[in-house]
Protein chains: 2
Amino acid sequence: MADGPGGETLLFLTDEHLRKGIEAMFFAYRGFTADPDRILEDYGYGRAHHRAIHFIHRTPGTTVNNLLSILGVTKQSLNRVLRTLIEDELVESRVGQRDRRERHLHLTPKGEALEQALSDAQRARMRLAFRSAGPEAVAGFRTVLEAMMDPDLRRHYQSVVERGQ
Amino acid sequence: MADGPGGETLLFLTDEHLRKGIEAMFFAYRGFTADPDRILEDYGYGRAHHRAIHFIHRTPGTTVNNLLSILGVTKQSLNRVLRTLIEDELVESRVGQRDRRERHLHLTPKGEALEQALSDAQRARMRLAFRSAGPEAVAGFRTVLEAMMDPDLRRHYQSVVERGQ
DNA sequence: TGGTAAAGTCAACAACGCTGACTTAAAAAT
DNA sequence: ATTTTTAAGTCAGCGTTGTTGACTTTACCA
């Protein structure tokens, strides 16, 4: 029996368990993105559009630089996506009041509508999964995922948690 | 207090909780892939190569068709990746004994070495996360992820679980 | 023998990452 | 007041990885 240094049984840390965790992440993430992907297809958008829409909805008025640090992509990559969203009138870019170099991003009503559709689909699946797993499993799910994040990204995640409570 | 139809408290199913679950998946998946991505860069490979290597390691001798159904990509997309792996002598393709149309895929020693490096990195992060979260959280994590999978994909995942036990 | 199945290929395209170089406008620093 | 830095945006080009469509080769099977 494999016991850790503290004397507790650490069977859940065997390579076999860790591999299962890895595959669980792989297959679950596929399910996680499947429903929004289908909706985005109709609009000719991809996941990058979804992510931008999601985080603009989450933090309305966010600056481009802030969005860049959350998404972890280059300015050029985000710009390509942002440009189409602004052209299609899903996102509005407002000149900053305090600092006129900044652009503050907001979803238009049309943008909010798509966000709602995407989010509804994703939450529906999450709701089924949460319901069938139960509250304790959900708590564990969140605990493990938080521990898996890079510290820098965890900051962004934490800020949502705090805002939500 | 929001109570469900069964009378139980379903506070963990509020939209706010579901949104947190969604963001947790997003940020955690980034962490999940970060370490292997760094290794792959040195080889000029991408995530598609990693996935192929992973599942060939998992089920040695798998056929191309089987790998296609696990990965959920087109033949043309997988072929591009598989060709470079075979050229680079990380993967070996053997003509089937029973059915000579089939090709059975195996990792070469060189392929196993890269798989090990990638897997070590990914398991190291998973191990830290699992350890800090504890066995109950890990069980919950797995339960929720399984419930999030598409049924078709869950089959592939389950087969690993059974193999491992 | 004729149909089907597994694998592989060619071509073209799209989404979305990247680097590098550069502009414009505005704030900040000297 | 001038210089430097910062925020945003753009152009060009490239790589990975997904797609569709069409087609070939080989082998199994009825």
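The shown structure was predicted, so the numbers you read here are calculated from the model rather than taken from an experiment. What's counted below: heavy atoms across the whole structure, side chains too, no hydrogens, waters or symmetry copies. Residue numbers start from 1 in every chain, and the chains themselves are labelled A, B, ... in the order their sequence lines are given, proteins ahead of strands.
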Nearest-Å distance for atom pair [atom1]/[atom2], residues [X] and [N]:
X: A/I53; N: C/dA15; atom1: CD1; atom2: P; answer: 14 Å
X: A/R94; N: D/dG9; atom1: CZ; atom2: P; answer: 15 Å
X: A/R47; N: C/dG17; atom1: CZ; atom2: P; answer: 10 Å
X: B/N79; N: C/dA6; atom1: CG; atom2: P; answer: 16 Å
X: B/R98; N: D/dC29; atom1: CZ; atom2: C1'; answer: 14 Å
X: B/E102; N: C/dG8; atom1: CD; atom2: P; answer: 11 Å
X: B/L67; N: C/dA6; atom1: CG; atom2: P; answer: 14 Å
X: B/L78; N: C/dA6; atom1: CG; atom2: C1'; answer: 13 Å

*For the ring pair B/F130 and B/F141, is the centre-to-centre distance below 6.0 Å?*
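When the ring centroids of B/F130 and B/F141 are compared, they turn out to be within the sub-6.0 Å range.
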
Does D/dG18 have OP1 or OP2 under 4.0 Å away from a side-chain N or O of B/R51? yes

Of D/dA8, C/dA26, D/dA27, the nucleotide closest to the side chain of A/D99 is C/dA26

Closest to the A/N65 side chain: C/dA6, D/dA7, C/dC10?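 Minimum distance to the A/N65 side chain belongs to D/dA7.
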
Residues of residues 32-45 of chain A with a heavy atom under 4.0 Å from any atom of DNA chain C, listed by number, are A/G44

Can you pull out the residues from residues 68-77 of chain A that lie within a 4.0 Å heavy-atom distance of DNA chain C?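 The answer is A/G72, A/V73, A/T74, A/Q76, A/S77.
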
Checklist entry - Can you find an N or O donor on one side and an acceptor on the other, under 3.5 Å apart, linking the side chain of B/R101 with the base of D/dT26? => result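 Not at all, since no donor on one side and acceptor on the other fall under 3.5 Å apart.
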
**Asked** So does B/R80 reach the base of D/dG18 with its side chain, donor to acceptor, closer than 3.5 Å?
**Response** yes

**Request:** Identify, between A/G46 and A/R100, the residue whose nearest nucleotide on DNA chain C lies closer to the 5' end.
**Result:**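 Whichever sits nearer the 5' end wins; that is A/G46.
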
Nearest-nucleotide check on DNA chain C, B/R83 vs B/R103; residue mapping nearer the 5' end is B/R103

Just checking, is any N or O donor in the side chain of [X] or [Y] under 3.5 Å from an acceptor N or O on the other one?
X: A/H57; Y: A/E112; result: yes
X: A/T84; Y: A/D88; result: no
X: A/H17; Y: A/T14; result: yes

| said: Counting C-beta onward and ignoring hydrogens, is there a side-chain heavy-atom pair between B/I70 and B/R58 closer than 4.5 Å? | reply: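 With C-beta onward as the side chain, the pair touches.
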
Discussion item. Do A/H106 and A/H104 have side chains that approach each other closer than 4.5 Å (heavy atoms only, starting at C-beta)?
Written reply: yes

| message | Counting neighbours of CD on A/Q76 that are heavy atoms of other residues, nucleotides or ligands and sit closer than 6.0 Å, is the number greater than 12? | response | yes

Around atom CD of A/Q116, are there more than 12 heavy atoms from other residues, nucleotides or ligands closer than 6.0 Å?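 Counting other residues, nucleotides and ligands, CD of A/Q116 exceeds 12 neighbours.
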
Sequence-distant partners of B/E92, salt bridge (charged side-chain N to carboxylate O under 4.0 Å, His left out), two or more places apart =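 Once residues adjacent in sequence are excluded, the partners of B/E92 under the salt bridge (charged side-chain N to carboxylate O under 4.0 Å, His left out) criterion are B/R94.
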
Query raised in the report: Less than 4.0 Å between a side-chain N and a carboxylate O, is that true for B/R19 and A/E115?
Result: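 Looking at B/R19 together with A/E115, the answer is yes, because their closest N to O distance falls below 4.0 Å.
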
